[in-house]
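Before any comments, here is the structure.
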Amino acid sequence: MEALDSYFERLKNPDVESHANIRGRVLRSLQGFMLDAGFKQLMPVLMSPITDPLNHAVYPAEIKYEERPLKLTASMIFHKQLALAAKGHDKIFIVAPNIRLEKAEIKDSQNHLLEFSQFDFEMRDATMAQAIAMVDGLVKHVFKEVQQHCKAELTQLGRTLPSYDAPFPIYASDALIAEHGPQFEKIMSEKSKTPFFVTNYKREFYDRENPQRPGSYNNYDLIYPEGFGEGLSGAEREFEYEQILRRMRELSMDLTPFGNYLEAAKRGYLPPSAGGGLGIERLLKFISGKRQIRDVALFDRSVGTSFLF
Ligand code: ASN
């Protein structure tokens with residue numbers, strides 16, 4: 001049982017304690033920032049007839065309850081939109097576990113976990129620009145808190161976390177593709193000295209198509225510099241029934257499980273909104289300067305894991 005011995009051996013590394021202290025500080029500062037800004041915190045939903053169809057193929061993660069198929073949460077996207085209908089829930093956030101049974105094609109990814117935590121938020125009547133400004137402030141706040149309270153941990157990890165003061169730059173994906181080709185995210189992440197935003201990706205149906213510029217999308221990613229790659233994605237949302245239906249059909253989606261969601265949209269229960277979701281392990285990885293995402297967690301859920309525990 002060499003794997004077992006090396007698992008317990010790794011736990012004795014002082015880095016493991018530093019990661020735990022940074023994790024605690026990151027979670028406290030993420031949640032504190034949002035509560036201070038008047039957001040309401042929700043508990044995660046773990047199973048539902050619907051979940052995020054995602055922009056890439058994963059193995060289905062489903063269970064059955066009394067013959068009814070339920071999906072394990074891939075992201076809280078639809079529940080965020082629905083929660084905004086509740087009284088006083090104009091701005092919400094959730095620390096939510098997400099299950100994504102990734103395929104072997106990405107088993108060498110340094111950035112994917114089969115099970116991870118997402119810091120997800122949504123704001124009623126907000127625009128993409130407002131969501132981007134929120135994320136800019138939130139991420140800078142977390143970095144500052146870690147710099148102030150986790151000096152010993154950063155030293156232990158050999159990490160100098162840069163300070164960023166200027167607003168993170170915002171680029172449009174079409175301009176970056178013209179300059180760097182389809183690998184623009186990787187190229188830009190490697191050469192950038194600061195986190196930056198990229199807007200306008202064609203992806204899931206729920207990210208809003210720009211009504212003034214069909215074929216453009218009011219969505220965005222936050223990309224970390226130094227080659228750490230994507231850390232957050234978000235968008236304005238589709239909320240109008242006809243538009244949702246059109247976008248779903250465009251992607252040839254099976255509409256059956258979405259009956260209640262579509263009906264809610266038809267009856268006007270989905271408010272206009274914008275939001276986003278930040279991968280907590282990816283943020284920890286960037287802050288700690290670790291290259292492998294499994295290094296910031298105690299239990300290995302990377303794509304090639306042997307599921308020791
Ligand atoms: N949470 C993301 C968002 O708010 C969606 C996702 O994780 N796929 O846009």
Side-chain angles (χ1 to χ4, degrees), residues 30-31 33-55 71 73-96 98 118-138 197 199-214 216-222 232-251 253 255 257-278:
L30 284 169
Q31 295 175 86
F33 184 92
M34 300 303 260
L35 292 169
D36 288 347
F39 281 71
K40 293 213 172 6
Q41 183 161 17
L42 306 189
M43 296 303 282
V45 168
L46 296 186
M47 54 187 185
S48 165
I50 53 169
T51 193
D52 192 334
L54 302 175
N55 190 32
K71 296 187 167 60
T73 296
S75 94
M76 288 282 295
I77 180 65
F78 303 126
H79 296 84
K80 289 197 299 179
Q81 283 185 290
L82 292 161
L84 292 178
K87 183 167 170 49
H89 285 53
D90 288 353
K91 301 197 282 183
I92 56 163
F93 74 95
I94 312 123
V95 179
N98 290 182
Q118 186 163 190
F119 190 83
D120 238 329
F121 71 94
E122 199 70 22
M123 306 181 293
R124 201 181 169 121
D125 296 320
T127 61
M128 173 173 75
Q130 288 168 324
I132 285 180
M134 227 284 308
V135 171
D136 190 291
L138 173 70
F197 293 100
T199 63
N200 185 19
Y201 293 90
K202 183 159 176 56
R203 54 189 182 203
E204 296 92 344
F205 76 87
Y206 52 76
D207 282 1
R208 186 157 207 235
E209 189 165 11
N210 186 329
Q212 273 81 50
R213 284 176 57 205
S216 285
Y217 299 87
N218 291 350
N219 58 17
Y220 65 99
D221 277 3
L222 175 74
L232 169 146
S233 39
E236 277 170 33
R237 311 302 177 186
E238 298 289 5
F239 62 98
E240 293 150 316
Y241 173 71
E242 292 296 338
Q243 182 66 5
I244 293 177
L245 204 58
R246 194 179 65 71
R247 298 286 310 281
M248 288 174 120
R249 287 198 173 125
E250 216 174 76
L251 293 166
M253 286 178 61
L255 306 189
F258 285 93
N260 286 338
Y261 176 79
L262 285 166
E263 194 57 34
K266 197 186 232 169
R267 296 180 189 209
Y269 289 129
L270 297 186
S273 68
L278 183 148

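FYI, the numbering just counts along the sequence from 1.
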* Give a yes or no on this: more than 12 heavy atoms of other residues, nucleotides or ligands lie within 6.0 Å of atom CE of M253. => yes
* To do: Begin with the C-alpha distance, continue with both residues' side-chain angles, and end with the deciding distance and a verdict on side-chain contact (heavy atoms from CB on, under 4.5 Å) for M128 and Y220.
  => CA-CA 8 Å; M128 173 173 75; Y220 65 99; 3.8 Å; yes
* Please assess Y201 against N55 for the test side-chain contact (heavy atoms from CB on, under 4.5 Å), listing each intermediate value before the final yes or no. => CA-CA 11 Å; Y201 293 90; N55 190 32; over 6 Å; no
* **Euclidean distance, N218 CG relative to D207 CG, rounded to 0.5 Å** => 9.0 Å
* Closest non-hydrogen atom pair, P257 against P49 -> CB-O, 3.7 Å
* **Close side-chain approach of E236 and P272, heavy atoms under 4.5 Å** => no
* Asked: Is there a side-chain contact between R203 and D221 (heavy atoms, below 4.5 Å)?
  -> yes
* **Spacing of L262 atom CG and M248 atom CE [to the nearest 0.5 Å]** => 5.0 Å
* Salt-bridge test for E242 and R246: reply yes if a basic N is under 4.0 Å from a carboxylate O, no otherwise. => no
* Does some side-chain heavy atom of Y261 sit less than 4.5 Å from a side-chain heavy atom of I244? -> yes
* **Side chain proximity check, I77 to R237, heavy atoms < 4.5 angstrom** => yes
* Can you sort out the partners of E240 under side chain to side chain contact (heavy atoms under 4.5 Å, CB included), two or more places apart, ordered by chain and number? => R208, Q243
* Asked: Would you say the side chain of R247 lies within less than 4.5 Å of the side chain of Y206, judging by non-hydrogen atoms?
  -> no
* To do: Specify the closest pair of heavy atoms between S273 and Q81, including all atoms of both residues, with the distance to one decimal.
  => OG-CG, 4.5 Å
* Asked: What distance do E238 atom CD and E204 atom CD have between them, rounded to the nearest 0.5 Å?
  -> 12.0 Å
* Structure fact -> Of V45, N98, T73, the one forming a side chain to side chain contact (heavy atoms under 4.5 Å, CB included) with T51 is T73
* **Under the side chain to side chain contact (heavy atoms under 4.5 Å, CB included) test, residues paired with D90 that sit two or more places apart** => R124
* Within a strict 4.5 Å, meaning less than it, do heavy atoms of the F33 and M134 side chains meet? -> yes
* To do: Go through the steps to decide whether F93 and F119 satisfy the test ring-ring contact (aromatic ring centres under 6.0 Å, His included), and finish with yes or no.
  => CA-CA 7 Å; F93 74 95; F119 190 83; 5.3 Å; yes
* Structure fact -> Smallest heavy-atom separation, G277 atom then D120 atom, equals CA-OD1, 3.4 Å
* Asked: Distance from D52 atom CG to Q118 atom CD, nearest 0.5 Å?
  -> 8.5 Å
* Asked: Just how far is it from atom CD of Q130 to atom NZ of K91, taken to the nearest 0.5 Å?
  -> 10.0 Å
* **N/O donor-acceptor pair under 3.5 Å between N219 side chain and G234 backbone** => no
* Asked: Below 4.5 Å, heavy atoms only, C-beta onward: do L82 and Y269 meet side chain to side chain?
  -> no
* How are the rings of F78 and F205 set to each other: parallel, tilted or perpendicular (split at 30° and 60°)? -> parallel
* Structure fact -> What one should report as the nearest heavy-atom pair of E122 and A274 is OE2-C, 3.4 Å
* Flag if over 12 foreign heavy atoms under 6.0 Å of CG, N260 -> no
* Asked: To the nearest 0.5 Å, what is the distance between CE (M76) and CG (L42)?
  -> 6.0 Å
